[in-house]
Amino acid sequence: MFFKSKPQSNDDSVKYLLDEEHIPKSWYNIAADLPEPLAPPLHPGTGQPIGPDDLAPLFPMGLILQEVSAEREIEIPDPVRDVYRLWRPSPLFRARRLEKALDTPAKIYYKYEGVSPAGSHKPNTAIAQAFFNQQEGVKKIATETGAGQWGSSMALAGTFFDIDVSVFMVKVSFNQKPYRRALMETYGASCVASPSNLTESGRKILAEDPNSPGSLGIAISEAVEVAATNDDTKYALGSVLSHVLLHQTVIGQEAIAQFDMADDYPDIVIGCAGGGSNFAGVAFPFLGQNLREGKNTRIIAVEPSACPSLTRGTYAYDFGDTVHLTPLVRMHTLGNSFIPPPLHAGGLRYHGMAPLVSHVKELGLIEAAAVHQNPCFEAGVQFARAEGIVPAPESTHAVRTAIDEALRCKEEGKSETILFNLSGHGHFDMAAYTDYFAGDLADENYDQEALDKALSELPDVAAA
Ligand SMILES: *Cc1c(COP(=O)(O)O)cnc(C)c1O
């Protein structure tokens, strides 16, 4: 069954809903359609390609096999679809009120992932990861979180699959966002500020800089260390890895079905990109249609100008963390020692980009853009006043670019169809909006010297 809201006038926004039976039955693995394969991850010690067994201390085999799979479709287990039913399929909206406010001939659609219990797209993978861990008898998961979105999603997933979740939260966010921590604790997880005294990695950073604000790279080191040194504990990552991007493809697959209902198809697909998972989730199913069916959709990843891995980073092998515990992966990176300037879109503050997203960018299959935070919040406010939903600071990057494309259409007199992913709501981030209204947000550029230094310290890897 399909459901389409019936607005009274052509100026009202339209909602496209699918029945639960249309929750996708499989995840879409873009590896099957790539013109060139992804470069393999390398062992941090030997520099040799790693195999599934090398990852076994950190992840359950079910997820490792997805990480290296070349199957186009990977079945979604029923217990995962059963939890997805709580909020999936998520709605697709035609943002007619926004179109009217912009006076643009473009058609603007957005897929809304803020309807999940944690308020973002992240539970799409957290639920799947908790399930595959439970299948292999895992009782505890250690993970990191930046702004708290991933930590709360993993905490939520832990409640459904009986797993103890402990979260290392980047210290600046831990102090700025007490409600995210409260949410994690409500779901039964524990949450500490990172760098912490609980790990070798944390103690090492604190010895160098007792006031370290922390970073995702540091928090990842702490969580990986806990998983690697405790037999009963695995690690979970909320973005970047191929299996995480895979789980997010429910977004784009549903959107394709909803565009069928709307009798339309996007000319442009836009997602904000931190580690790349919600972007890949909305974009890869459409990119797959470009690759297999000769469609010609433009696909744009949008990142913050303060942390521009895809537009300014080097495409090279690098560590995923600061203390060099993770495998080496080939990606667009600002260097694992680079600490991005503080930024309200904490979820976009990571030094690297998903290898799959980096790869398709390098192959020229997608575009990338970087935007400053003030214009993003301006777009977020404009969107809220037209459509009613307050976007997460991360999501405002996609909103900004969608509005800019709609304004370009107006100038060029074109009625293109634009889709963007609204990855989450901003209800836990209202302090950022308060700062924006007070004029307290800086459009910081990264420190070029610090970036050059971090890039000069990239690991020396013979091209594989
Ligand atoms: C975490 C987060 C992001 C960034 O992560 P990706 O892996 O790049 O998707 C974007 N939007 C929201 C709402 C988030 O919570």
Side-chain angles (χ1 to χ4, degrees), residues 90 110-126 129 143-156 167 169-170 173 177 180 183-184 216 219-220 236-252 269-284 300-304 307-310 320 331-332 340 343-358 361 366 368-371 373 376 380 383 389-401 420-429 432:
S90 67
Y110 64 96
K111 181 79 168 152
Y112 184 41
E113 289 296 310
V115 290
S116 83
S120 76
H121 65 289
K122 291 199 171 77
N124 295 333
T125 182
Q129 293 192 42
T143 192
E144 74 291 323
T145 195
Q149 296 265 28
W150 171 243
S152 40
S153 302
M154 203 56 236
L156 167 77
V167 183
M169 184 168 184
V170 176
S173 301
K177 304 194 168 168
R180 280 273 171 211
L183 184 57
M184 290 178 233
L216 267 182
I220 292 174
L237 191 61
S239 187
V240 179
L241 296 177
S242 300
H243 69 269
V244 179
L245 276 52
L246 174 82
H247 299 152
Q248 294 295 351
T249 58
V250 289
I251 303 173
V269 174
I270 298 165
C272 68
S277 74
N278 90 86
F279 164 74
V282 70
F284 281 4
I300 311 174
V302 192
E303 58 186 8
C307 188
S309 55
L310 209 47
M331 60 181 175
H332 287 92
L343 170 75
H344 272 293
L348 305 183
R349 216 173 143 258
Y350 181 61
H351 68 269
M353 183 56 65
L356 271 174
V357 173
S358 297
K361 168 69 170 52
I366 64 164
V371 284
Q373 60 180 348
C376 287
F383 181 82
I389 298 170
V390 180
E394 292 83 2
S395 317
T396 61
H397 291 68
V399 180
R400 174 76 268 163
T401 303
F420 72 90
N421 192 42
L422 188 59
S423 51
H425 67 63
H427 296 177
F428 286 93
D429 304 284

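As the structure is a prediction and not an experimental result, all values here were calculated from the model. What you see below is based on every heavy atom in this structure, not just the backbone, and it leaves out hydrogens, waters and symmetry mates. Start at 1 and go down the list; that is how both ligands and their atoms are numbered.
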Nearest-neighbour protein heavy atom for [atom], which is reported as residue plus atom name and distance:
| atom | value |
| --- | --- |
| atom 11 (N) of ligand 1 | Ser423 OG, 2.7 Å |
| atom 4 (C) of ligand 1 | Gly347 O, 3.4 Å |
| atom 14 (C) of ligand 1 | Lys122 NZ, 2.8 Å |
| atom 8 (O) of ligand 1 | Gly274 N, 2.7 Å |
| atom 7 (O) of ligand 1 | Ser239 OG, 2.5 Å |

Self-check item: Residue portion contacting ligand 1 (non-hydrogen atoms closer than 4.0 Å) for Val240
Solution: neither

Considering all heavy atoms, the nearest [X]-[Y] contact:
| X | Y | result |
| --- | --- | --- |
| Glu303 | Leu310 | OE1-N, 2.8 Å |
| Cys272 | Asn278 | O-ND2, 3.1 Å |
| Leu422 | Ile389 | CD2-CG2, 3.9 Å |
| Ser153 | Ala126 | O-CB, 3.4 Å |

Polar contact flag for [X] and ligand 1 (N/O pairs, less than 3.5 Å):
| X | answer |
| --- | --- |
| Gly275 | yes |
| His121 | yes |
| Glu394 | no |
| Ala273 | no |

Practice problem: Take Ile220 and Tyr350, measure what side chain to side chain contact (heavy atoms under 4.5 Å, CB included) needs, and give me the verdict at the end. | Solution: CA-CA 11 Å; Ile220 292 174; Tyr350 181 61; 3.8 Å; yes

Exercise. Show your working on side chain to side chain contact (heavy atoms under 4.5 Å, CB included) between Glu113 and Ile251 and close with a plain yes or no.
Key: CA-CA 8 Å; Glu113 289 296 310; Ile251 303 173; 3.7 Å; yes

Quiz item: Given Phe420 and Val302, is the side chain to side chain contact (heavy atoms under 4.5 Å, CB included) satisfied, shown in steps?
Solution: CA-CA 11 Å; Phe420 72 90; Val302 192; over 6 Å; no

Under 4.0 Å from any heavy atom of [X], which atoms of ligand 1 are there?
| X | result |
| --- | --- |
| Gln149 | 13 (C), 15 (O) |
| Leu348 | 4 (C) |
| Gly424 | 13 (C) |

Practice problem: Give a yes/no verdict on whether any heavy atom in His425 is under 4.0 Å from an atom of ligand 1. | Solution: no

Quiz item: What is the ring orientation for Tyr112 with Tyr110, classed by angle as parallel under 30°, tilted 30 to 60°, or perpendicular over 60°?
Solution: perpendicular

Quiz item: Once you round to the nearest 0.5 Å, how far does CD of Gln149 lie from CG of Asp429?
Solution: 6.5 Å

